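Some notes on the structure that comes next.
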Amino acid sequence: MSDLIEVRNLKKYFSTPRGMLHAVDNVTFSIEKGKTIGVVGESGCGKSTLGKTLMRLHDPTSGEVLYNGEDIANMPIREFKQKYRSHIQMIFQDPYASLDPRMDVLQLVEEPIRVNNKKLSKAEVTAKAREMMELVGLAKRLEISYPHELDGGRRQRIGIARALSLSPEFIVCDEPVSALDVSIQAQILNLLQDLQKERGLTYMFITHDMSVVKHISDDIAVMYLGQMVEKCPSGEIFRNTIHPYSQALLSAIPIPSVHEKSERMILKGELTSPIDPKPCCRFAARCPYATDRCRAEEPVLREMKPGHQVACHYAEKFM
Ligand code: SF4
């Protein structure tokens, strides 16, 4: 299958009183049509900014985002909205914050359909909204409920119905299950997977939780302070973790057995400032294997095995 999204050397910097904050710094990757890339990393690593830049909620500082070969990052925003807004949608972490509390469920699902399809009659908008509610498993009796009357899982189903109502091809899922109970997380992940199979959707799934991303991703990209430090097929990262930061993330996954013990890698040291960072490995201050070279030279993302890329000077040692 061909790539739907190709991101090339994407940068997003923000101006702050102390200097330029490098939120996303020279990130390159692609996503095949119908597949899911999981983007993982701790808070502040730039994964949400990356998602928002792909959606054109932020304009990139430089770099390209090719959608079916066309650069959507640098086209005028008006043209982007006309041609691509319905193709690319986002599902947010906190469905409650993204839903108008004064609207009932049917109105909430109708809203994007009405706004983006001005030619549809009121009856057609309602029919389409009901179709979307059924698709995501929201019972008809909930049409007149308000967001505060629903649990987190149902609220997230509204968010998914709203995103799907424009028949997108690509969805950025920004921590869509992290605010939900574990049992509800599984329901929403299954729903997203079923919808992907049915509709051939392509996902970028942003999360800080490695165990969540394991179930849904075809590829995994690990981000640290605005940069991609490891990228490979999903199964590979759990069998053969190379980058020391990815090792630390994986060691934090709880093991559901009292008989097995996992050795947790506790990271010590200060976080490097993302404001005008020096050319060095940004993980050096917390990496147990850091050397003078790490503190003076920035590692580049290198292919260590077919499809497995790592940004570490000593990646060979950790294979
Ligand atoms: Fe650690 Fe050095 Fe590799 Fe960075 S380049 S991850 S500091 S060993």
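These numbers come from a predicted model, not from an experiment.
For the pair Lys231 and Phe29, the cation-pi test (distance below 6.0 Å, angle within 45°) is failed.
We find that Lys140 and Glu131 are not joined by a salt bridge, their nearest charged nitrogen and carboxylate oxygen being 4.0 Å or further apart. In summary, Arg282 and Asp25 engage in a salt bridge, as defined by a charged side-chain N under 4.0 Å from a carboxylate O. Ion pairing between a basic and an acidic side chain is recognised when a charged N comes within 4.0 Å of a carboxylate O; Arg56 and Glu79 show no such pairing. Salt bridge Arg141/Glu143: absent, no basic N to carboxylate O contact under 4.0 Å. Between Glu270 and Arg286 no salt bridge is recorded (no basic side-chain N to carboxylate O distance below 4.0 Å).
Looking at His208 and Glu175, their side chains do bring a donor and an acceptor atom within 3.5 Å of each other. Side-chain contact of Gln193 with His215: a donor-acceptor pair under 3.5 Å is absent, judged by distance alone.
Counting only residues at least two apart or on different chains, the salt bridge (charged side-chain N to carboxylate O under 4.0 Å, His left out) pairs with a member in residues 158-174 are Glu111-Arg162.
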Stepwise, does the salt bridge (Lys or Arg N to Asp or Glu O under 4.0 Å) test hold for Arg8 with Glu6? CA-CA 6 Å; Arg8 292 186 187 159; Glu6 225 185 309; 3.2 Å; yes
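The cluster map of Ile, Leu, Val, Met, Phe, Trp and Tyr, joined by side-chain heavy atoms under 4.5 Å apart, puts Val125 and Met132 in different clusters. Follow the hydrophobic side-chain contacts under 4.5 Å out from Phe92 and you never reach Val213; the two are in separate clusters. No continuous path of hydrophobic side-chain contacts links Leu192 to Ile206 [ILVMFWY only; heavy atoms under 4.5 Å].
Across all non-hydrogen atoms, the minimal contact from Gly51 to Met204 is CA-CE, 3.6 Å.
Applying the side chain to side chain contact (heavy atoms under 4.5 Å, CB included) rule to Cys45 yields the partners Lys47, Met223; only residues at least two apart in sequence or on another chain are considered.
The aromatic rings of His58 and Phe14 lie perpendicular to each other, with more than 60° between the two planes, well past the 30° mark. Aromatic ring orientation, Phe318 versus Tyr289: tilted (interplanar angle from 30° to 60°). Note: His243 and Tyr245 have perpendicular aromatic rings, judged against thresholds of 30 and 60 degrees for the angle between ring planes.
A distance-only check finds no donor-acceptor pair linking the side chain of Tyr67 to the backbone of Tyr84 [under 3.5 Å].
For the side-chain contact (heavy atoms from CB on, under 4.5 Å) with Leu4, the qualifying choice from Asn68, Ile31, Leu201 is Asn68, the only one to do so.
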